[in-house]
Amino acid sequence: MGERFDLVVKGGTVVTPNGIAEADIGVVGGKVTAIGAFSDSAAAEVFDAGGLHVLPGVIDTQVHFREPGAPQKEDLAHGTRAAVLGGVTAIFEMPNTNPLTLSAIELNDKLARAAEVAWCDHAFFMGGAAENADQLGELELLAGCSGVKIFMGSSTGSLLAKDDAVIARILAHGRRRVAIHAEDEDRLNERKQIAVDAGHPRAHPDWRDVTTAVRATERILRLAREARRPVHVLHITTGEEMEILAANKDVATVECTLNHLTMAAPDCYDRLGSLAQMNPPVRDAAQRAALWRAIDQGVVDVIGSDHAPHTLEEKSATYPDSPSGMPGVQTLLPLLLNHMAEGRLSLERLVDLTSAGAQRIYNIAGKGRIARGYDADFSIVDLKAERVITNDWIASKCGWTPFDGMAVKGWPKATIIRGKTVMREDEVLGTPSGEKVRFVGM
Ligand code: DOR
C-alpha cells in the first residue's frame, strides 16, 4: 500500500524552495506530507490544479479590520472573507482599533471573535504606547500576538508614540521584531497648515513630505541600534529611505504596499481624490520607480496591503478632514500578479515577498513555504487569466476599491488553508475556520 492522503493538489506548477516545477502535493491532517507524483486513488480528495500555479499561501502582514469599534468600515468577518477571495491565507491585524489594542483583554477579545468568524488564519499586533511600555515584554508573547506596532506619527485613531524616550522604553521591553509606522509627528504638526490651505488631497504628499518619512526612519534605526532590538519599517514610500535602509539591513526589515507600487501622484489624486489618500502618502512616479528598484535589489522584505477601509461617505469629507486609508487585502495578489505579467518582478520574487518574507521577518512557525511538515496553505493562481477588478467583487464592508475598473492579468483561482479549500472560482466555501498563526519558540 502506498501513502494515503486527505488531499492531493494534482498537476499544478508548484513553487517550492527547490524551484518551480510540476508536482503533486500530498496533504494529511492539514500539513504537507509529500511532494511528488501520486495516483488519484491515494487521496480522499483531489484538487485538479492542471494549468495553474500553486504558490505558498500569501500572508498579508498589515491589515486594519477595525474590530471592535468601526463596524461601518470593516469587521473580521468581512475582512477575512475579502482576504480569502483575494488568495490570502493569513493576516496580521493592526492595533489602532477602538478601544486600542494595548493589553491582553483587547487581544483576547479579538482572538475570541476571530475564532468564530475568521475565514483565514490570523494574528494581532499589540500597540506600543507610554501606558503599556513596561508590560510589552510579556504582552508580545501572548498566543495569537504577532508582535508590537508603534505609530511614530498620527494616522487613523489615537495610537501614538512620538518621542524618543517613549519609543526607547517600548524597545527596551521585549525581544521580538517591532513594526513601525515611520512619520515624524512634530513635523506633521508643523506642516498641517499646508493641507488645510490646499483643501485637496493633491497636497497630501507635500504635507506629509519626504523629510517627514526620512526623519522618522532615521530616528527609529538609531533607537533600534541603541536598544539592540530588530524593527520592521512599514510602507516605505521614498528612495531616500531605501538608501538608508539598505545600509541597515542588520537591524531593519522593510515593507512596501501595492498602493505605493501601483499608483502615482498627482494622477491618483486627480482621478480618485481622497480615495487615494493614505498615510504615508502615495508619492510621484520617480519615487514609485525607486521602490521598484529597491524590490529588484532585495532591500524590500515583504509586501503588505495596509488594507484600511473607510466608507465613501467618510471619504467625501473635505480634505484634510477626510480619513486616510484604502482597502487592499483582496487586490494584493491580483495586482502583484499583474505587475509580474508586466515584467516588474519574477514569480520567485513574488513568492519571496508574500510568504517567505513574512515568515522570516516574524518567525512564523510552519508557514511561508511549500515543504514537508509545513501547513498546507496554498494560493492557487492562473497566470493567464484576464480579469477586471470591480467594486462588486469587493467583499470588504466599505464596498469599494481604488482599483475599480482596472484590467489585470493573473488571478487567484483557489485558496487552500491547512488543507481545506476555502475559496474556489470567486466563491467562499464552507464555514469560517481560521486559526491563530503560531510563532517559532512560542
Ligand atoms: O492611511 C492609513 N490608514 N495609514 C495608517 O497608518 C492607518 C490607516 C487606518 O487605520 O486607517
Side-chain angles (χ1 to χ4, degrees), residues 60-76 78-79 82 91-102 106 110 124-125 127-129 148-162 178-185 188 192 195 201 203-205 207-208 212-213 216-217 220 232-238 241 255-263 265 268-269 272-283 304-315 317 319-329 331-332 396-398 400-402:
D60 186 348
T61 47
Q62 193 186 174
V63 304
H64 301 264
F65 284 168
R66 314 285 192 208
E67 190 163 315
Q72 75 284 10
K73 297 180 198 279
E74 190 66 300
D75 58 25
L76 282 164
H78 286 78
I91 59 93
F92 291 3
E93 209 267 350
M94 288 295 164
N96 56 329
T97 44
N98 184 14
L100 299 175
T101 309
L102 293 176
E106 291 94 33
K110 287 186 177 184
F124 296 94
F125 281 96
V148 173
K149 157 89 181 273
I150 295 176
F151 281 86
M152 296 175 74
S154 299
S155 193
T156 302
S158 59
L159 191 56
L160 185 65
K162 82 174 187 70
V178 180
I180 309 289
H181 180 122
E183 288 188 287
D184 187 272
E185 178 72 5
L188 285 178
K192 178 81 188 268
H204 206 52
W207 169 30
R208 306 177 88 103
T212 302
T217 293
I220 197 62
H232 176 52
V233 197
L234 300 166
H235 42 41
I236 293 300
T237 57
T238 70
E241 288 169 283
E255 182 201 62
C256 274
T257 81
L258 253 315
N259 297 333
H260 299 111
L261 289 166
T262 308
M263 300 185 213
C268 64
Y269 302 111
L272 297 165
S274 65
L275 296 188
Q277 178 192 335
M278 72 175 291
N279 304 326
V282 176
R283 303 191 193 279
S305 69
D306 196 4
H307 177 84
H310 299 277
T311 65
L312 289 172
E313 193 191 343
E314 292 165 323
K315 281 284 196 183
Y319 180 83
D321 292 335
S322 44
S324 292
M326 350 175 189
V329 70
T331 46
L332 183 152
S396 274
K397 258 194 157 173
C398 69
W400 61 274
T401 163

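Read the numbers this way: they start at 1 and go in the same order the structure lists the ligands and their atoms.
- None of His204, His181, Glu183 except one satisfies the side-chain hydrogen bond (donor to acceptor under 3.5 Å, both in side chains) rule with Asn279; the exception is His204.
- Side-chain N or O atoms of Trp400 include one that pairs as donor or acceptor with a backbone N or O of His310 at under 3.5 Å.
- Between Glu67 and Lys110 there is no salt bridge, since none of the side-chain N atoms of the basic residue sits less than 4.0 Å from a carboxylate O of the acidic one.
- The aromatic rings of His307 and Phe65 lie perpendicular to each other, with more than 60° between the two planes, well past the 30° mark.
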Give one line per pair: atom of ligand 1, protein atom, distance. Only N/O to N/O under 3.5 Å.
from: ligand 1; atom 1: 1 (O); to: Asn279; atom 2: N; distance (Å): 2.8
from: ligand 1; atom 1: 1 (O); to: Ser324; atom 2: O; distance (Å): 3.4
from: ligand 1; atom 1: 1 (O); to: Gly325; atom 2: N; distance (Å): 3.3
from: ligand 1; atom 1: 3 (N); to: Ser324; atom 2: O; distance (Å): 2.9
from: ligand 1; atom 1: 4 (N); to: Ser155; atom 2: OG; distance (Å): 3.1
from: ligand 1; atom 1: 4 (N); to: Asn279; atom 2: O; distance (Å): 2.8
from: ligand 1; atom 1: 6 (O); to: Ser155; atom 2: OG; distance (Å): 3.2
from: ligand 1; atom 1: 6 (O); to: His181; atom 2: ND1; distance (Å): 3.1
from: ligand 1; atom 1: 10 (O); to: His64; atom 2: ND1; distance (Å): 3.3
from: ligand 1; atom 1: 10 (O); to: Arg66; atom 2: NH1; distance (Å): 2.8
from: ligand 1; atom 1: 10 (O); to: Asn96; atom 2: ND2; distance (Å): 2.9
from: ligand 1; atom 1: 11 (O); to: Arg66; atom 2: NH1; distance (Å): 3.4
from: ligand 1; atom 1: 11 (O); to: Arg66; atom 2: NH2; distance (Å): 2.8
from: ligand 1; atom 1: 11 (O); to: Thr156; atom 2: OG1; distance (Å): 2.7
from: ligand 1; atom 1: 11 (O); to: His310; atom 2: NE2; distance (Å): 3.0
from: ligand 1; atom 1: 11 (O); to: Ser324; atom 2: O; distance (Å): 3.0

### Task
Given side chain to side chain donor-acceptor pair (under 3.5 Å), test Thr238 with Glu241 step by step and report yes or no.
CA-CA 5 Å; Thr238 70; Glu241 288 169 283; 2.7 Å; yes
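- Taking Lys162 as the reference, Leu160, Glu185, Asp186 meet the side chain to side chain contact (heavy atoms under 4.5 Å, CB included) condition, with sequence neighbours excluded.
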